[in-house]
Amino acid sequence: MGWGKARFQHPGLWGPVLAVLLGACQAHPILDSSPLFQFGSQVRQRYLYTDDAQDTEAHLEIRADGTVAGAARRSPESLLELKALKPGVIQVLGVKTSRFLCQRPDGTLYGSLHFDPAACSFRELLLKDGYNVYQSEALARPLRLPPYSSSSSDPARRGPARFLPLPGPPPEPPQPPGRLAPEPPDVGSSDPLSMVWPSRGRSPSYTS
């Protein structure tokens with residue numbers, strides 16, 4: 001029997017073969033490796049530190065009453081969660097206070113319990129010196145830390161705008177489940193390994 005006859009006499013055999021071949025040749029999407037997507041769906045815990053050209057040293061704090069200020073030292077209120085909303089745009093959340101960093105039209109900052117995309121979305125611009133500049137996506141105004149004291153009626157114009165994201169504390173390792181230490185065998189007993197009457201709380205290894 002020739003190959004041509006076998007091919008036409010058993011047409012049903014070609015269905016599974018073609019299905020396997022087509023499945024093996026299916027194209028799979030390639031993950032986007034563009035550096036523009038390096039922070040996609042990523043959450044980072046950071047302290048936003050600024051030195052304002054060595055004039056001011058502070059960490060941005062989002063406090064429980066909704067005020068945003070600078071503190072000389074790190075604190076629970078200055079630990080922030082930076083989450084990517086889309087390439088180059090992030091939201092900033094205070095870890096302790098659960099308030100989002102937001103900006104009013106006049107440029108002043110405040111902490112909100114509710115996320116408003118128009119007020120709480122910021123573009124993250126990376127500078128060559130390692131510092132970052134954050135701009136309101138809707139207002140295109142830079143995020144500026146309020147100065148400690150200023151005679152300006154618009155303090156948002158006078159505060160520092162360059163921030164250095166410092167890594168937050170490392171996550172705590174998971175605690176292993178507690179185990180009771182095995183009791184030593186009672187050498188003075190007639191059943192030191194508790195093979196007849198296992199004692200309560202003793203390791204099963206002594207009875208194996």
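FYI, side chains are in, hydrogens and waters are out, and symmetry mates aren't considered; it's all heavy atoms of this structure.
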- prompt: Linking Ile, Leu, Val, Met, Phe, Trp and Tyr by side-chain heavy atoms under 4.5 Å, what else ends up with Leu93?
  reply: Leu85, Val89, Phe100, Phe115
message: Are Leu80 and Arg46 packed together at the side-chain level, in the sense that at least one heavy-atom pair is separated by less than 4.5 angstrom?
response: no
- request: Evaluate side chain to side chain contact (heavy atoms under 4.5 Å, CB included) for Leu143 paired with Leu48, printing each intermediate quantity in order.
  value: CA-CA 11 Å; Leu143 185 157; Leu48 290 185; 5.6 Å; no
- request: Identify the two heavy atoms, one from Arg141 and one from Gly107, that lie closest to each other, and give their separation to 0.1 Å.
  value: NH1-N, 3.6 Å
field: Donor-acceptor under 3.5 Å (Arg74 side chain, Leu79 main chain)
entry: no
- line: Of all heavy-atom pairs linking Ala58 and Gly70, the shortest is CB-CA, 4.0 Å
Value rounded to 0.5 Å, distance of OG in Ser98 from CD in Glu81: 9.0 Å
field: From Gln135 atom CD to Gln103 atom CD, the distance as rounded to the nearest 0.5 Å
entry: 9.5 Å
field: Separation between CG of Leu145 and CG of Leu109, rounded to the nearest 0.5 Å
entry: 7.5 Å
message: Determine whether a donor-acceptor pair (N or O, by modelled atom type, separation under 3.5 Å) exists between the side chain of Thr50 and the backbone of Arg162.
response: yes
- prompt: Which heavy-atom pair separates Ala118 from Ala138 by the least distance, and what is that distance?
  reply: O-CB, 3.2 Å
query: Which heavy atom of Pro169 sits nearest a heavy atom of Tyr47, and at what distance?
result: CD-OH, 3.7 Å
- request: To the nearest 0.5 angstrom, please state how far the CG atom of Leu82 sits from the CD atom of Gln91.
  value: 9.0 Å
- prompt: About how many Å separate CG of Leu125 and CG of Leu127, when rounded to the nearest 0.5 Å?
  reply: 7.5 Å
query: CZ/Arg99 to SG/Cys120 distance, rounded to the nearest 0.5 angstrom?
result: 11.5 Å
statement: Contacts satisfying side chain to side chain donor-acceptor pair (under 3.5 Å) that involve residues 62-73 (not counting sequence neighbours) are Glu61-Arg63, Asp65-Thr67
message: Test of understanding: clusters of I, L, V, M, F, W, Y form through side-chain heavy atoms closer than 4.5 Å, transitively. Do Ile62 and Tyr110 belong to the same one?
response: no
- request: For the residue pair Tyr49 and His59, categorise the inter-ring angle as parallel (less than 30°), tilted (30 to 60°) or perpendicular (more than 60°).
  value: tilted
- request: Test side chain to side chain contact (heavy atoms under 4.5 Å, CB included) on Phe122 and Leu101 and set out the steps.
  value: CA-CA 9 Å; Phe122 296 92; Leu101 180 66; 4.2 Å; yes
message: So, using salt bridge (Lys or Arg N to Asp or Glu O under 4.0 Å) as the criterion, who are the partners of Arg123 when residues are at least two apart?
response: Glu137
